[in-house]
There are 2 protein chains.
Amino acid sequence: MNIRGGKRKGAGRPKGSNLYGEPTQPVRIPKSQIERVLRFVQEREYALPLYASGVSAGFPSPADDYLEGALDLNAHLVREPTATFFVRARGESMIDAGIHDGDLLVVDRSVEATDGKVVIVSVNGELTVKRLRRDKGKSWLLPENPDYPPIALNEEDETHLWGVVTNVIHPL
Amino acid sequence: MNIRGGKRKGAGRPKGSNLYGEPTQPVRIPKSQIERVLRFVQEREYALPLYASGVSAGFPSPADDYLEGALDLNAHLVREPTATFFVRARGESMIDAGIHDGDLLVVDRSVEATDGKVVIVSVNGELTVKRLRRDKGKSWLLPENPDYPPIALNEEDETHLWGVVTNVIHPL
DNA sequence: TTTTTTGATTATTGTAACAATTATCAAAAA
DNA sequence: TTTTTGATAATTGTTACAATAATCAAAAAA
């Protein structure tokens, strides 16, 4: 009986050499959701294929030629869940910014509301979407529709800035 | 020592009286993700607040007055993960449908491509977005931009219908 | 009688524990 | 120098267990 290896420092399977690089712990999951959860842990549950349009593909596998990768909407559109919320747009005042009545806006509180950003603001109790213009210490809320007038923000207005619109989701 | 209850049918905690209404099973989860997974199992990980714009709010809690509920983008935009994919739009040919260069399109294979739907098609090796028009047995692909010409689909064209665009995601 | 308390019973739950597996090292063999 | 082998220790899927929770019906109280 030969002696190989031996009890020594550095022997054995290294710590963190598992799938996740960190210790795991058993957690009870409802049986029907186990597969879904395992995909989720590996961030694949909603990682769906993304293709590029406007490009030409050859053969034999055209689909692969268009493929750009995989994308998860939540991961892509929601940088920080605690700083993100949605607003349902109403009216046509921002039509030229591509915001239609009924569209869903993704809003990020953690983005700084600088000049030119499209923002969600409550003005005198009403929640609205407008483009923010800041110039020489004054602020305006600009609609993107010639039929609507710009709004100058005065000291006496009860305004509160909610966040910056990062994406517009438009149902067809 | 009194006898209460007794061994009998119907005694004891009922099956399915747990949080999920079904049996659970321990699954190993990396420690740092346990909280995230538990939220996910209850479908709350990305359930973010949705507010309504264009409405007036009172006091003392204006935010609650705007609140419409909670929304998860994946659940809202992806009806069936296996039938859904994304396409990156290129060009301005669908500008009047609200599709800009660089927009992300959510595409559903399981939606029937009827007359009037915006579809993803590969025509002679190129992947494009157009509105489908079907009339009297003929099919056209219509751009939504007066600068672009309609495309008649002929028998000899190598066309393949990929799916129907359900949503346009436009970054600002 | 009606309501509340109590004990019996069984499902659920979080975690410890186990055997099987896997990854690694270094000595031995080729 | 390269390959094989045995020792070692982390990992993994699952089982097992004690503590907890939910329910029923008898007993006690009102």
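All of these numbers come straight from a predicted model, not from anything done at the bench. Letters go in sequence order (proteins before strands), and every chain restarts at 1.
A search for side-chain hydrogen bond (donor to acceptor under 3.5 Å, both in side chains) contacts involving B/T114 returns nothing, not counting sequence neighbours. Checked against salt bridge (Lys or Arg N to Asp or Glu O under 4.0 Å), B/R131 has the following partners two or more places apart in sequence or in another chain: B/E144. With sequence neighbours excluded, the residues that form a side-chain contact (heavy atoms from CB on, under 4.5 Å) with A/P81 are A/V78, B/Y46, B/L48. Residues meeting the salt bridge (Lys or Arg N to Asp or Glu O under 4.0 Å) test with B/D115, sequence neighbours left out: B/R133. Checked against salt bridge (Lys or Arg N to Asp or Glu O under 4.0 Å), B/R13 has no partners two or more places apart in sequence or in another chain. Remark: A/H170 pairs with A/H100 by the ring-ring contact (aromatic ring centres under 6.0 Å, His included) rule, at least two apart or across chains.
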Side-chain polar contacts of residues 23-32 of chain A - donor-acceptor pairs under 3.5 angstrom, sequence neighbours left out - could you list them?
residue: A/T24; atom: OG1; partner: B/R28; partner atom: NH1; Å: 3.2
residue: A/R28; atom: NH1; partner: B/T24; partner atom: O; Å: 3.4
residue: A/R28; atom: NH1; partner: B/T24; partner atom: OG1; Å: 3.3
residue: A/S32; atom: OG; partner: B/E22; partner atom: OE1; Å: 3.3
residue: A/S32; atom: OG; partner: B/E22; partner atom: OE2; Å: 2.7

With a cut-off of 3.5 Å and sequence neighbours excluded, list every side-chain donor-acceptor pair involving residues 33-40 of chain A.
residue: A/Q33; atom: OE1; partner: A/R36; partner atom: NH1; Å: 2.3
residue: A/Q33; atom: NE2; partner: B/V41; partner atom: O; Å: 3.4
residue: A/R39; atom: NE; partner: A/E45; partner atom: OE1; Å: 2.8
residue: A/R39; atom: NH2; partner: A/E45; partner atom: OE1; Å: 3.0

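B/W140 belongs to a hydrophobic cluster with B/L142, counting contacts under 4.5 Å between side-chain heavy atoms of Ile, Leu, Val, Met, Phe, Trp and Tyr, direct or through other members.
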In dot-bracket form, how is DNA chain C paired, counting a Watson-Crick or G-U wobble pair only if both its distances are under 3.5 Å and using | for bases paired to another strand? ||||||||||||||||||||||||||||||
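Remark: nothing in residues 31-40 of chain A comes within less than 4.0 Å of DNA chain C through any heavy atom.
If you look at B/F86 and A/Y51, their ring centroids are not closer than 6.0 Å.
With rounding to whole Å, A/I29 atom CD1 is found 14 Å from C/dT15 atom C1'.
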Readout for nucleotides 11-16 of chain D: B = base within 4.0 Å of protein heavy atom, S = sugar-phosphate only, - = neither; 5' to 3' it is SBBBBB
